[in-house]
Amino acid sequence: MVKVFFLYDVLRLDEKMLLDRLRARAQVEPLHVSSSILEIGGYAEADVALQRSISFYRAMSSTVAVESWGIRVINNSLALAMAEDKAWSLSVLYQHKIPVPRTLLAYSIDSAVEAARKLGFPVVMKPLMGSWGRLAALASDEEAARAIAEHREMLGSMYKVHYVQEYIDKPGRDIRAMCIGDGVPAAIYRVSNHWITNTARGGRAEPAKVDPILEDLVIRSCKALKVEVGGVDVVEDPERGYVVLEVNAVPEYKNIARVTGVDIADEIARYVVEQAKR
Amino acid sequence: MPTLKCPVCGNPVEVPDDAMPGELIEHDCGVVLEVYRDQNGNLALRPFEGVQEDWGE
Ligand SMILES: [Zn+2]
């Protein structure tokens, strides 16, 4: 029987469902990262590992540790790092000819305001890392852009890279699509009057139609970032069509599963076990 | 089902037999508790500090 390491720190419903489905297909050894000691170059017996730590730093470091044991981790360390860093992600996606929002990086308050002016208001200002739409701000004019940039500079060195992005006037919704290996088992619209449509911020979710164009875009985005199990955020631009905002390498999926009725956990479990058999 | 003590209100908390570290339990007192293993390797409860936002969806 295949043996799977299950790396996690908090057992949300997402992780519980995954554990349940994995246990039906494999021998599972849960590894509670935050209470573990992991040796670089250590040894443990497993065919594959699934990374479900919510904290990026725990996910990243535990992945590289387990990789040093010669065990393949889904998603791997390069995928985690690229997906987490929004500038890195967009750069790689762009190089793979995937439509992404026009984005400027600036390294001082003045240049952040200048970048916003260049793009034209309103603009989106995000931290380079982190998500749930947290700290993402919409600046409607120069004064607002300056206030946001000043605030960010106080938050720490990571926030001193100003990520200034065009605001895509999407039709009151965006798309979250699950990608597992070479397939897109389900997608939802996240509908909200608020410009940040993350369900974590109170948007409503509805099943979304996965047309061939969307499917292709989602799979190519994940492949570009080496992400095997991912959640892809997409918006619909009235002129350009689908535009990819970001890829999550430890995706929450319970909303997608609930809204579409697709057993995402089982799809992930099946993929992970299949990979172990290779 | 083992019974542990809520670190917030002091009342007993029923913990499922198959509880694992990292599991979250909502207690009647309104606090979310996280199961963890103490220094002796026993299951114990602490208030859940939330998912620190260095990542998410
Ligand atoms: Zn209590």
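Note that the structure is predicted; figures quoted are calculated from it, not measured. Chain naming here is simple, since letters A, B, ... match the order of the sequence lines and numbering starts at 1 in each.
Within residues 3-22 of chain B, the residues having any heavy atom closer than 4.5 Å to a heavy atom of chain A are B:Met20, B:Pro21, B:Gly22, listed by residue number.
Separating the CD atom in A:Glu15 from the CG atom in B:Leu24 is a distance of 9.5 Å, to the nearest 0.5 Å. Here A:His32 contributes atom NE2 and B:Glu23 contributes atom CD; the two are 10.5 Å apart, rounded to the nearest 0.5 Å.
Residues in residues 24-46 of chain B take part in these salt bridge (Lys or Arg N to Asp or Glu O under 4.0 Å) pairs, two or more places apart or across chains: B:Glu34-B:Arg46.
Taking a 6.0 Å sphere around NZ of A:Lys226, one finds it holds 12 or fewer heavy atoms contributed by other residues, nucleotides or ligands.
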